[in-house]
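As structure tokens, the structure follows; a few thoughts come after it.
Note on naming: letters A, B, ... go to the chains in the order of the sequence lines (proteins, then strands), and numbering restarts at 1 for each one. Keep in mind that this is a model prediction, so the values were computed, not measured. Below, each value reflects all heavy atoms present in this structure, side chains not excepted, and no hydrogens, waters or symmetry copies.
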Number of protein chains: 2
Amino acid sequence: MPTIKDVAKEAGVSIATVSRVVNNGPKVGDATRARVLQIMQDIGYRPNANARALVMQKEASLGVVIPELTDPFYASLASGVDTVARQHNMQLLLSTGLIEASTERAAIELLLQRRCDAMIVHSKFMSDDELTELAVATPGMVFINRYLPDIPERCIWLDNIAGGKLAARHLLVNGHTNLACITSDYSIDDPMLRLQGFKEELGEAGVSLREEAIEYGAPGQLGGELATQALLAKNIPFTGIFAYNDSMAAGVIKALHDAGLKVPQDVSVVGFDDVLLSRYVRPQLSTMRYPIERMAINAAELALSLVGGHPSELHSTNKYLPTLVKRESSSNASLS
Amino acid sequence: MPTIKDVAKEAGVSIATVSRVVNNGPKVGDATRARVLQIMQDIGYRPNANARALVMQKEASLGVVIPELTDPFYASLASGVDTVARQHNMQLLLSTGLIEASTERAAIELLLQRRCDAMIVHSKFMSDDELTELAVATPGMVFINRYLPDIPERCIWLDNIAGGKLAARHLLVNGHTNLACITSDYSIDDPMLRLQGFKEELGEAGVSLREEAIEYGAPGQLGGELATQALLAKNIPFTGIFAYNDSMAAGVIKALHDAGLKVPQDVSVVGFDDVLLSRYVRPQLSTMRYPIERMAINAAELALSLVGGHPSELHSTNKYLPTLVKRESSSNASLS
DNA sequence: TTGTATGCGTTATCAG
DNA sequence: CTGATAACGCATACAA
């Protein structure tokens, strides 16, 4: 791979001059510039981004760490960051953190070694303290889908409680009072918060959610299916189910179907996230829309403005609200 | 961010010594090593990967270019590469090429500027010539889902023709002779090849596929739905449909359902790719399994071995065969 | 307008 | 066992 020296030699100028034309630097003779440009073209010169980052003390890359790539939710997140990266002509540095504190740490570490200064990280397993400490040492680090009390201005998160409330309200408004919940058994706060909001809204309406009506499972289709079977086995009456996410909701629908129950005629189900899947599943899923891609874009722009020293942009608030998307899986209880 | 110098000064040794302990270099006094290690820990030293790459003339990163992140098929591809990257403790450099030659080119260019030497690229819009030229200049560049005649050893691809044949055979074996095809209108070769294989196998069995029974559309659910409606409008008889991919197949099923036709009782449908979606859709999709993640892993390992100068590994062949996954959307014609 | 020289953080080659 | 020192490819202050 040719270097700046090769170009300089070939053009019979100094590397300083070549450097100037590469960077559209000031005061370069038109003739010289044209010739250098031509030669760069000819020999296929590409500026070495690493060397440049080294001397300029500035990385032209945007980092993102997510648990995994194949989950559509995280894919959307990464896609949002990628959008911003492309806009700024920056390289996307992607690291997966899986579902363990140690691998999350390694993922962040890799980015840091690259001297990546702007990065948006999705971490659910490292502690508040550790994350906060990293953040103070890295001005361009912003967290998505997580709230760190000491540095809220560096976080972009969804109001899960509000989401739970909205879901409850939707079910209540449709006349459902015998409710159940299929949630995740992961020990992160999202499931807890969504459930909390769900319960609160129910409580305000004077209806309660019995503990037996809450089933836990792995946050995927199979987990949802299994949990629903367990719920059904308890033989307690319900006409509405709030699922932790769309994948679990898909499992819920399948289990219900297998048990001879119709959705939404016999039971309404509402999911969470509004990933693509919710439109493929039959009946199409009523769900809480989680604007993750938009949030990721804003997070990336926030990170960039933080390292760029730009004024604090217009980010009025970093808390986002989910919205209800009504499709086919929920309906009025009176139809039962 | 502290540098090697900071560590050296703090420890009262030379940077050479620090470098040695960082790299587990030979012959460093136990006491010295321990002290240096401790100090690195204390001040939070992280070796600068850029500087290292510069001096070692070797990048510890793995590149991948795909059209986009949110398509589950490409997400699986990227995930395979990511798996290999993590195994080797390399940073994943991800660039999206969208669906245009110019952006594909830009994506590759970005990786090259990073001096990324091992990369696996999925390109459908740049020409054979341009890609081949890039490849000869970049020993660690391997192409996935594409066949370049001049450098087959640098390509990992699926036998689309065989896939079409297998799909045809499955339908034939189940007694279907009135067939239709819903394919993609993208001007890339995959749709063409799959259709070609489909036709060939049919031909060998003495059944022909009429031109009117072939409908084209965008390779997504909506495209599949619209194309199927167009097909239905023609009022030609068929009991089996071969769809270009699973998304289109999902659209096919929806359109069929809306038209009052039952799958698979009235018509069998088989998709292609076996993405997660195929298990969510009802009825579950019979489809051709495209082992894209496995292929991506092998592609990444091939790329790594190419730059590493390792012996040419065991890659007996770079051509992969799809396999039939029979689920619920296809059945025997006699059941009609 | 152009060239020279210095340094960015590392590794590696030589001497001690 | 350890320390100078010369690259690596590039940007830039300072000269010319």
Checklist entry - Can you name the residues that form a salt bridge (Lys or Arg N to Asp or Glu O under 4.0 Å) with B:Asp190, not counting sequence neighbours? => result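 Listed in chain order: B:Lys124.
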With sequence neighbours excluded, tell me which residues meet ring-ring contact (aromatic ring centres under 6.0 Å, His included) with [X].
{"X": "B:Phe73", "answer": "B:Tyr290"}
{"X": "B:Tyr45", "answer": "none"}
{"X": "B:Tyr320", "answer": "none"}

For [N], does OP1 or OP2 lie under 4.0 Å from any side-chain N or O of [X]?
{"X": "A:Gln57", "N": "D:dA11", "answer": "no"}
{"X": "A:Lys5", "N": "D:dC8", "answer": "yes"}
{"X": "B:Thr32", "N": "D:dT2", "answer": "yes"}
{"X": "A:Thr17", "N": "C:dG3", "answer": "yes"}

Checklist outcome for this item: Here the salt bridge (charged side-chain N to carboxylate O under 4.0 Å, His left out) pairs for residues 72-84 of chain B, sequence neighbours left out, are B:Asp82-B:Arg86
Item to check | Qualifying ring pair (Phe, Tyr, Trp, His ring centres under 6.0 Å) pairs, either residue in residues 78-97 of chain A, two or more places apart | outcome: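 Found none.
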Item to check | Residue pairs fulfilling ring pair (Phe, Tyr, Trp, His ring centres under 6.0 Å) with at least one residue in residues 101-133 of chain A, sequence neighbours excluded | outcome: A:Tyr74-A:His122
Checklist entry - Want to settle it: does B:Arg115 or B:Gly29 sit nearer the 5' end of DNA chain D, counting the closest nucleotide to each? => result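 Between the two, 5'-proximity favours B:Gly29.
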Item to check | Within 6.0 Å of NZ in B:Lys58, more than 12 heavy atoms from elsewhere | outcome: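 Yes, NZ of B:Lys58 has more than 12 neighbouring heavy atoms, counting only those of other groups under 6.0 Å.
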Between [X] ([atom1]) and [N] ([atom2]), how many Å, whole number?
{"X": "A:Glu59", "N": "C:dC8", "atom1": "CD", "atom2": "P", "answer": "17 Å"}
{"X": "A:Leu54", "N": "D:dC8", "atom1": "CG", "atom2": "C1'", "answer": "9 Å"}
{"X": "B:Asn48", "N": "C:dG9", "atom1": "CG", "atom2": "C1'", "answer": "6 Å"}
{"X": "B:Ile43", "N": "C:dG9", "atom1": "CD1", "atom2": "P", "answer": "12 Å"}
{"X": "B:Arg33", "N": "D:dT2", "atom1": "CZ", "atom2": "C1'", "answer": "13 Å"}
{"X": "A:Met1", "N": "D:dC8", "atom1": "CE", "atom2": "P", "answer": "16 Å"}
{"X": "A:Gln113", "N": "C:dG9", "atom1": "CD", "atom2": "C1'", "answer": "13 Å"}

Checklist entry - How does each nucleotide of nucleotides 11-16 of chain C score, in 5' to 3' order, for protein heavy atoms under 4.0 Å: base (B), sugar-phosphate only (S), or none (-)? => result BBBB--
Checklist entry - Do any N or O atoms from the side chain of B:Ser76 and from the backbone of B:Pro72 form a donor-acceptor pair under 3.5 angstrom? => result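 Yes: the side chain of B:Ser76 pairs with the backbone of B:Pro72.
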Checklist entry - Please, what dot-bracket string fits DNA chain D when only Watson-Crick and G-U pairs with both distances under 3.5 Å count, crossing ones use [ ] and pairs to another strand use |? => result ||||||||||||||||
Next on the checklist: Just to be sure I understand the rule, does B:Arg46 reach a base, reach only the sugar-phosphate, or reach nothing, if contact means heavy atoms closer than 4.0 Å?
Outcome noted: sugar-phosphate
